[in-house]
Amino acid sequence: MSDSTVTVQGAHTAHEHPPYQRHHFASMEQQVDTTSFAMWLFLLTEIMFFGGLFCSYLIFRNWYYPAFVEASHQLNIFWGTLNTGVLITSSFTMAMGVWCAEMRKKSALVLCLVLTFVLGLVFLGIKYIEYSEKWEKHHVPGFHYSLQSFTNPASDAEVHKEYPDDKPLGVDMARHTELYFSLYFAMTGMHALHMIIGISLLGYLIFRAQQGAYTTGHVTFVHNFGLYWHFVDIIWIFLFPLLYLISRHS
Amino acid sequence: MSKEHDQNQHHDHTGHDHDPGEQDVHDSLNHIVPPRIYIIIGASLLVLTGVTVWASFVDMGVFNPVVALAIACFKASLVVLFFMHVKYSSKLTKLTVFSGLFTFAVLIALTLADYATRAWGRW
């Protein structure tokens, strides 16, 4: 309480608080608690947002099970695993970045942020390879959607070799593979959008980190950006098994 | 570990009240997680990714999704507790995260219960 009185009466001459403490906070501790509380509230709204997609995926998978199983066989487990590794590594470099900021190591912080930035781009690059394969096979929902891989699995030699037991689906069931791909593109697309936003913010962070903005003791922005980046990682940790893995044996 | 941390926090807090020097104010704010922890957690996450991929190649019938989701939940917990520092955070943060996840679980459970029982007796 006494802190706030001092602040109001003329903190700038007295320097009772660090320059990055806003005047409406009684102490730096309160400011840090408040900002990280706000960040967590934002992340919880994000969980609810992605949660709706996850929930509809579970329900529709239950309803149109054969279609969802065969459609998910179109995804390449190798690319999915590689991308999971890339994203987890980027989370690690981001966590190290937070440590570097706390320890006031400027060049190490810049290095960590650049590595995170590059790994984020690698993730999107792999996602592009996967998306373009779906595009070429007419598995993007819309007017050009093709049921051929599902009504006649043998026509899709590459996938058929991997999953020789896949039976041809009737047109009525095969239609629902389009729903699988709608959810696939909605979920991975939303995730990719979050990655693009994160990478853009990282560009700004790298620029400011080079100016020494985060190695003065004020690590809030790096810290909260780290929370966002790890959250995006967690979404992928659930997308990967749900979309790629759980239908391998079904 | 958490008890020790609580004591640290308490100590820092009183330290702040007596001597609100800039350096001291900063250093008491965040528990600085050492790189050793990040390396262990990062490596565990990569290993668990390998495990979940391996498990998907083993035919466990209905348990394939269960195992995959259990591993995913464990990985997510590691990220939340260590990379996102919740293990070392204030009670407010811990309560926020927990209540959010709890609300989410309630929403999912109610929705799934609705869809699971809509055609009750008509199958």
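Owing to the predicted nature of the structure, the values given are computational and were not obtained by experimental measurement.
Counting non-hydrogen atoms of neighbouring residues, nucleotides and ligands closer than 6.0 angstrom, the CZ atom of B:F74 reaches no more than 12 such neighbours. More than 12 heavy atoms of other residues, nucleotides or ligands shown are found within 6.0 angstrom of CZ on B:R118. Other residues, nucleotides and ligands contribute over 12 non-hydrogen atoms within 6.0 Å of the NZ atom of A:K127.
Heavy atoms closer than 4.5 Å to chain B are found in the side chain of A:W63, but not in its backbone. Only the side chain of B:Y115 comes within contact range of chain A, with heavy atoms under 4.5 Å apart. Of the two parts of A:I47, the backbone and the side chain both hold a non-hydrogen atom closer than 4.5 Å to a non-hydrogen atom of chain B. When heavy atoms are compared at a cutoff of 4.5 Å, B:L107 approaches chain A solely by way of its side chain, counted from C-beta outward. With a threshold of 4.5 angstrom between heavy atoms, B:T93 approaches chain A through side-chain atoms but not through N, CA, C or O. Heavy-atom distances place the backbone of B:V58, and not its side chain, under 4.5 Å from chain A. Of the atoms belonging to A:M103, it is side-chain heavy atoms, and not backbone ones, that fall under 4.5 Å from chain B.
The nearest pair of heavy atoms linking A:L245 to B:S56 is CD2-OG, 3.5 Å. Across B:M84 and A:L43, no two heavy atoms sit closer than the pair CE-CD1, 3.8 Å. Considering every non-hydrogen atom in both B:F83 and A:A95, the closest pair reads CD2-CB, 3.9 Å. Here the closest heavy-atom approach between residue B:L112 and residue A:C55 is recorded as CD2-SG, 4.3 Å. When all heavy atoms of A:M96 and B:P35 are compared, the pair lying nearest together is CE-CB, 3.6 Å. Across all their heavy atoms, A:H249 and B:F57 have their closest contact at NE2-O, 3.0 Å.
Among B:T52, B:V53, B:L101, the residue with the largest count of heavy-atom pairs under 4.5 Å with chain A is B:V53. For the options A:T81, A:V98, A:I59, heavy-atom pairs under 4.5 Å to chain B are most numerous at A:I59. Counting heavy-atom pairs closer than 4.5 Å to chain A, the top-ranked of the candidates B:A76, B:S99, B:G42 is B:A76.
One distance of note links CG of A:L58 with CD1 of B:I108; it measures 7.0 Å at 0.5 Å rounding. For the atom pair A:F240 CZ and B:T49 OG1, the distance stands at 7.0 Å (nearest 0.5 Å). For the atom pair CZ of A:F37 and CG of B:L92, the computed distance is 5.0 Å after rounding to the nearest 0.5 Å.
With contacts defined as side-chain heavy-atom distances shorter than 4.5 Å, the pair B:L46/A:F92 does not qualify.
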For residues 230-239 of chain A, dump all side-chain donor-acceptor pairs below 3.5 Å to protein atoms at least two apart in sequence or in another chain.
| residue | atom | partner | partner atom | Å |
| --- | --- | --- | --- | --- |
| A:H230 | ND1 | A:S91 | OG | 2.9 |
| A:D233 | OD2 | A:S91 | OG | 3.0 |
| A:W236 | NE1 | A:T84 | OG1 | 3.1 |

Test log, rule side-chain contact (heavy atoms from CB on, under 4.5 Å), inputs B:V33 and A:E102: CA-CA 9 Å; B:V33 183; A:E102 280 165 342; 6.0 Å; no
